[in-house]
Structure formats: structure tokens, C-alpha cells
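Accompanying notes for the structure given below.
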There are 2 protein chains.
Amino acid sequence: MSPREKRERLQQFEVLCRQRGLAITVQRRRILELILDRRDHPTADGVYELASRHLPNISRTTVYRVLDTLVELGVINKACSPGAATRFDPVTARHHHLLCVQCEKLIDLADSRVDHGVELPEVGDLAFQIKDFCIQFSGLCAACRRKPARRGAAPPKTDRPGERRGQC
Amino acid sequence: MSPREKRERLQQFEVLCRQRGLAITVQRRRILELILDRRDHPTADGVYELASRHLPNISRTTVYRVLDTLVELGVINKACSPGAATRFDPVTARHHHLLCVQCEKLIDLADSRVDHGVELPEVGDLAFQIKDFCIQFSGLCAACRRKPARRGAAPPKTDRPGERRGQC
DNA sequence: CTCCGTGCAAAAGGTTTGCACTGGT
DNA sequence: ACCAGTGCAAACCTTTTGCACGGAG
């Protein structure tokens, strides 16, 4: 990530913290910086490794908690693992998923019109051989739309379209 | 799933087992049946719960092993969790992922042309409010294309396109 | 009859929680 | 000075592994 973009992201992070009354601690700042420098989707443990170099006394617990916070602020995203445990799907034909970002319910979507427009990307330079794809739509399920908010989460903001909430 | 389709799937399962010299055990058959009846993406533990009703002495270990086997046979799919641990992504703008089904490397794909064709599905009946989406392309990364196969996996079959290998 | 598959127990990750102390605000 | 945030340890949950027995081929 470019130094300029990185600076902007850090600034955005501080603004969000102040908005929500969250402290801007060394740990939060440093961990965010570390992740912004990465393009390889580190695991929590990987982040801990990296963070340890800068903050020798940091604990894994803190790393987990900070990552959670950063995800809630929306400055980073979780990749994969909507729930803790792996889930299994009897449908092996191509289909897509609706993931509720609140209760993490996973719903099959058998609408084949959806993916007709998807063109396989050109990945010649990556030498990646694509075999299939799956689209994950994220949002709120019927039940969660009725419930106002979840514990500890931000107050219900206006739903700016384009705002990123899902994880993938 | 319709009784007819279910019967077909079970038959396909038995054929695949015989092809690969795998035993058709009560546990494998029953667990497959259970999952075919579900549309709610049960976790391994959920499957264990269900299976326990029919096979009181079954162990969690077996459930895990059977699920693995069924996924390798291709009669069910894993949903989510390419790796054991959650991974974090500094990129919060919409982008997509290339997932290597062998080494489980996750690569960002910033090709916005890809998703221009995606039309949001009609989910009025589900009352699901879609906020965003993410496409996961699965296949083989450059490194794994060079390596022949992985431990214990099926021998390198011809790559029929349309064959489903990825998990999502 | 021969192994593959199972069950049990124990270990190995990954993540969360309770509690006391420390450092931002 | 107050309280959110941290560090430590222990608990917890999910998954994997080693080993001996039993049943499918």
C-alpha cells in the first residue's frame, strides 16, 4: 500500500476511534500499520508474530481483541470464516450464498441468472488456473433486519449504499 | 432435497466409493443422508448431534473423518473456512479472491471488470437485504500447478472443466 | 482373512474469558 | 482520576492424531 494511502487510512482510523470514543493505543495503531503493509492475508497468529517484533510484550489476546475492533471499525476485513466452525453444504452444483453479517446464517442462492454476467478474470500474470467460482452476498437476513443492533456494535447508522459491511 | 434426487446421490456415493475402493459403512451412508436432508449448512458438531440420534455410539472423530471423505468424493462441499484460522485483509474496497484449493493461499484480485456483470439477485421472498458481495474464484496457484498432487488425494485426473473442486 | 474404518483418549491449534493492573483521555 | 484497554493464565471450542479393536470387502 502506498505511503500516502497508508497515511490516509491511519488518519481515518483515528477519526473513527474518536467518533466512537475508542482509545488510540499503540497496539491498535501498530497492528493496523502492520496489516496495511501486508498483501498476504495474515492470520491472527501471523499478526501476533509481526506485532511482537515492535511490541515485545504484546499478548495474543490483545491481538485478537484489536483485530476484532479494527474489523468493527471497518478499517480491515475478515477473509473467510463467517462462523468459527466449518460448515457443510449438500449442494455441490454451482450456487451462491447469502451471508448474514449479524447472525452469520448462510443461505443458499440457486439463482443462476446471477452468475451469467461473471466473466472469468485474466490472471495470466498470476499463472492461476481458475476452476470455479462462488459469489457470497453479504447483508442482513429477515430476522436480523427486525432486531435493532447487536451488543457493543455501533448505533444504527444510516445505510449508505456502498458501505462495506460483509466479509468474504 | 427430493426423495428421488436423494436416492440418486446416495447411489452416486456408492459408485464413487467402489471406484476408489472405499468401504460403504453405515456411518458414511447415514451421515451423507443426514446432510442431504439439510439446507442449513450444519457444522461438524451439528452433524455429530444429528448422527448421534441414529448411531448412538458414533464419535466426533468419525464425523470429522467421514465429512472429509465425503468432501473428497465430491458428494458434499465445505462452505467457508479455507484454512483453519481466520485471515485478515487490509483491503476494504470491493475486490475478489483467488483461493488455491491445494495450498489454500488467498490472493487478492482487484479486477473490477469481473463484477460489472453481476446483477444482484432478487431475494424479495427471503427478505434478505444485500449490502455487498465478493466472488471467490477457486483453482490452483502457480506453485501448486507445478507440484503433481497432494498426500492422500486422488490421482491426477483429467481436468474436466465444470468439475467442482473449490469450496466457498 | 486382511486391512480399512471406527471409537476412545489425548493433544494440538485457534479463540475467548476473568481478573488485576496500566496507560489514554 | 477514571475507566477503557492490556497482559496473563486458564478455559473453551474445533479439529487432528495415535492406537487397538471390529467389521466390510
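Proteins get letters first, then strands, A, B, ... in listed order; numbering begins at 1 in each.
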Could you state the atom-to-atom distance from CZ of A/Arg18 to P of C/dT25 in whole Å? 8 Å
If the cut-off is 4.0 Å, is A/Tyr64 near the phosphate of C/dT16, judged by side-chain N/O to OP1 or OP2? no
Would you mind reading off the distance between A/Arg60 atom CZ and C/dA12 atom P, rounded to a whole angstrom? 15 Å
On the nucleotide C/dG7, are OP1 or OP2 found under 4.0 Å from the side-chain N or O atoms that B/Thr62 carries? yes
DNA chain D: 5'-proximal contact among B/Ala23 and A/Val66 (nearest heavy atom): A/Val66
Applying the salt bridge (charged side-chain N to carboxylate O under 4.0 Å, His left out) criterion to A/Glu14, which one of A/Arg20, A/Arg28, A/Arg29, A/Arg9 satisfies it? A/Arg29
Considering only heavy atoms from C-beta outward, does the side chain of B/Asn77 approach that of A/Val91 to under 4.5 Å? no
Whole-Å distance separating the CD1 atom of B/Ile24 from the C1' atom of C/dC4: 13 Å
Tell me whether the OP1 or OP2 atom of C/dT16 has a side-chain N or O from A/Thr61 closer than 4.0 Å. no
Find the distance A/Ile31:CD1 to D/dG7:C1' and express it as a whole number of Å. 13 Å
In whole angstroms, how far is the P atom of D/dT14 from the CZ atom of A/Arg87? 12 Å
Just N and O in the side chain of A/Gln27: are any of them under 4.0 Å from OP1 or OP2 of C/dG23? no
On the 0 to 90° scale, with breaks at 30° and 60°, tag the A/His96-A/Phe137 ring pair as parallel, tilted or perpendicular. perpendicular
Are the side chains of B/Leu99 and B/His97 in contact, using a 4.5 Å heavy-atom criterion? no
Can you measure A/Arg28 atom CZ to C/dG23 atom C1' for me and round it to whole angstrom units? 12 Å
Is the charged tip of A/Arg94 near the ring of A/Phe133: under 6.0 Å from the six-membered ring centre and within 45° of its axis? yes
Please report, rounded to the nearest Å, how far the P atom of D/dA4 is from the CG atom of A/Asp68. 18 Å
Phosphate contact (C/dT6 OP1 or OP2) by B/Thr25 side-chain N/O below 4.0 Å: yes
Distance in angstrom units between A/Asn57 CG and D/dG5 C1', rounded: 15 Å
